[in-house]
Amino acid sequence: MTRHGELGTALHRWRDRIAPAEAGLPAGEPGRAAGLRHEELAQLTGLSVDYLVRLEEGRATSPSVQVLTSLARALRLSDDERRHLFLLAGQSPPALGRVSDHIPPSVRRLLGRLPGTPLGVHDAAWNLITWNPLWAALLGDPAAVPGRGRNAAWLHFTGQPSRVSQSVEQEARFEAALVADLRSATVHYPTDVRLRFLIGELRRVSNRFAVLWNSRITDSHDTGIRTIHHPDVGPVIVDCDTLTVPGCDLRIAAYSAAPGTDAADKFRLLDVIGTEMTGMAGMAGMTSQDPGPGPGPSPGPDPGPDSSPAAAPEPADR
């Protein structure tokens with residue numbers, strides 16, 4: 001089989017393994033064949049159906065980097081599969097450069113379909129990139145908060161004011177998981193200047209972060225209990241889960257409350273009043289921060305997109 005035939009076979013196999021619902025599309029009629037149809041993949045990628053058919057049949061032989069990137073994202077390829085796709089197409093696999101803030105359509109639909117659950121979506125560096133209205137009502141509206149004011153690691157390790165508190169044990173696990181996530185991000189995005197600058201600054205201003213970073217500790221996020229200190233409805237005790245999105249580095253922080261609890265009642269109230277009562281006062285941390293002000297300095301400016309790696313006072317070593 002030629003390389004172009006192998007490319008078509010691989011694309012067909014990857015297309016067949018994804019159900020429409022997994023890609024955020026309507027499930028379709030009962031009894032339909034498994035996988036995505038060409039029309040559905042075209043909808044996800046912006047490519048024409050004819051071009052996708054020619055790719056699978058080996059008649060289109062020189063897909064561009066942009067086409068391959070779009071296919072890899074829509075087909076939810078792993079890093080290894082993505083590399084294989086590029087090699088089959090005769091392209092050099094691009095290095096993962098900057099942390100992506102791309103949000104798949106399925107995640108956006110998830111935000112819209114769970115109005116009773118506060119949800120915040122973060123990138124691989126733990127920057128909050130989108131959220132639903134109840135998240136803003138519960139934690140404070142992030143819309144006008146710039147730069148590092150939306151980064152969970154910066155907020156936590158520099159002791160910025162927050163509405164969220166947790167037990168000492170859960171805080172320790174959260175910190176370890178957060179540092180492990182950032183270390184993993186430096187492996188996947190070794191040339192991201194902003195990420196390396198963030199980590200260098202955290203090591204400089206936070207002894208706690210520096211100790212955890214140097215220890216190379218690893219941990220994972222678990223379900224924990226958080227207390228949200230809301231200025232209008234009072235304390236709200238919730239469960240906190242961190243969900244990962246298959247095929248990308250997004251992390252969704254979700255706060256939930258059991259039916260019939262005081263927290264569930266307060267969620268319904270906040271869903272009605274929205275952010276009108278709270279405005280921008282008391283902007284919360286993105287996940288689970290210490291509620292009291294800490295000794296850390298106020299966030300510094302982010303480096304611009306053209307910043308040199310030399311701008312980082314202490315680049316993150318791996």
Side-chain angles (χ1 to χ4, degrees), residues 79 95-103 120-131 142 145-160 162 164 166 170-222 224 226 240-254 284-290 294 296-303 305 307 309-318:
D79 288 346
L96 295 176
R98 188 169 175 175
V99 171
S100 174
D101 61 358
H102 172 73
I103 302 173
V121 182
H122 305 78
D123 64 17
W126 274 98
N127 296 301
L128 181 69
I129 50 180
T130 193
W131 55 90
V145 179
R148 297 231 179 111
R150 294 188 191 178
N151 183 273
W154 183 265
L155 290 168
H156 181 83
F157 285 106
T158 60
Q160 302 302 309
S162 169
V164 186
Q166 58 187 314
Q170 289 181 340
E171 181 179 54
R173 288 208 63 183
F174 167 73
E175 290 177 340
L178 196 57
V179 172
D181 285 345
L182 291 179
R183 184 176 294 285
S184 176
T186 65
V187 174
H188 286 92
Y189 305 94
T191 61
D192 190 303
V193 174
R194 288 175 181 257
L195 174 62
R196 294 177 66 83
F197 191 90
L198 169 68
I199 294 170
E201 284 286 274
L202 282 169
R203 295 176 69 187
R204 183 178 67 85
V205 303
S206 170
N207 290 333
R208 176 61 176 163
F209 182 88
V211 167
L212 288 170
W213 184 266
N214 293 335
S215 72
R216 298 185 178 270
I217 191 171
T218 59
D219 210 333
S220 58
H221 297 276
D222 61 349
R226 309 286 190 262
C240 176
D241 290 279
T242 300
L243 315 175
T244 57
V245 180
C248 63
D249 291 322
L250 295 183
R251 292 169 176 83
I252 302 176
M286 298 304 102
T287 50
S288 48
Q289 334 305 335
D290 190 320
S298 60
D302 280 329
S307 299
E314 187 179 359
D317 62 345
R318 293 178 281 120

Check your understanding: Which atoms form the tightest heavy-atom contact between A124 and A185, and what is the distance?
Key -> O-CB, 3.7 Å
Review point. Listed by chain and number, what are the side-chain hydrogen bond (donor to acceptor under 3.5 Å, both in side chains) partners of E175, not counting sequence neighbours?
Key: H156, R208
Practice item. Please list, chain by chain and in numerical order, all residues satisfying side-chain hydrogen bond (donor to acceptor under 3.5 Å, both in side chains) with D101, sequence neighbours excluded. Key: none
Check your understanding: V205 versus F157: any side-chain heavy-atom pair under 4.5 Å?
Key -> no
Point to revise | Check: W126 main-chain N/O paired with R251 side-chain donor or acceptor under 3.5 Å | key: no
**Study point:** Atom of L182, atom of I199 and distance for their closest heavy-atom approach
**Key:** O-CD1, 4.0 Å
Review point. Do you know which two heavy atoms are closest between T186 and W213, and how far apart they sit?
Key: CG2-CH2, 4.0 Å
Review point. Which atoms form the tightest heavy-atom contact between Q170 and G224, and what is the distance?
Key: NE2-CA, 3.5 Å
Exercise for review: Quick one: closest heavy-atom pair of L195 and A125, and the distance?
Suggested key: CD1-CB, 3.9 Å
**Study point:** Flag side-chain contact, heavy atom, 4.5 Å: T242 against H122
**Key:** no
Exercise for review: Test side chain to side chain contact (heavy atoms under 4.5 Å, CB included) on F209 and T158 and set out the steps.
Suggested key: CA-CA 9 Å; F209 182 88; T158 60; over 6 Å; no
Point to revise | Residues which pass salt bridge (Lys or Arg N to Asp or Glu O under 4.0 Å) with D123, listed by chain and number, not counting sequence neighbours | key: none
Point to revise | Shortest non-hydrogen contact between N214 and R203, atoms and distance | key: OD1-NH2, 3.3 Å
Practice item. May I ask you to test the D249-Y189 pair for a side-chain heavy-atom distance under 4.5 Å? Key: yes
Check your understanding: Can you name the salt bridge (Lys or Arg N to Asp or Glu O under 4.0 Å) partners of R173, sequence neighbours left out?
Key -> D219, D222
**Study point:** Donor-acceptor under 3.5 Å (R150 side chain, I129 main chain)
**Key:** no
Check your understanding: With a 4.5 Å limit on heavy-atom distance, are the side chains of N127 and V99 in contact?
Key -> no
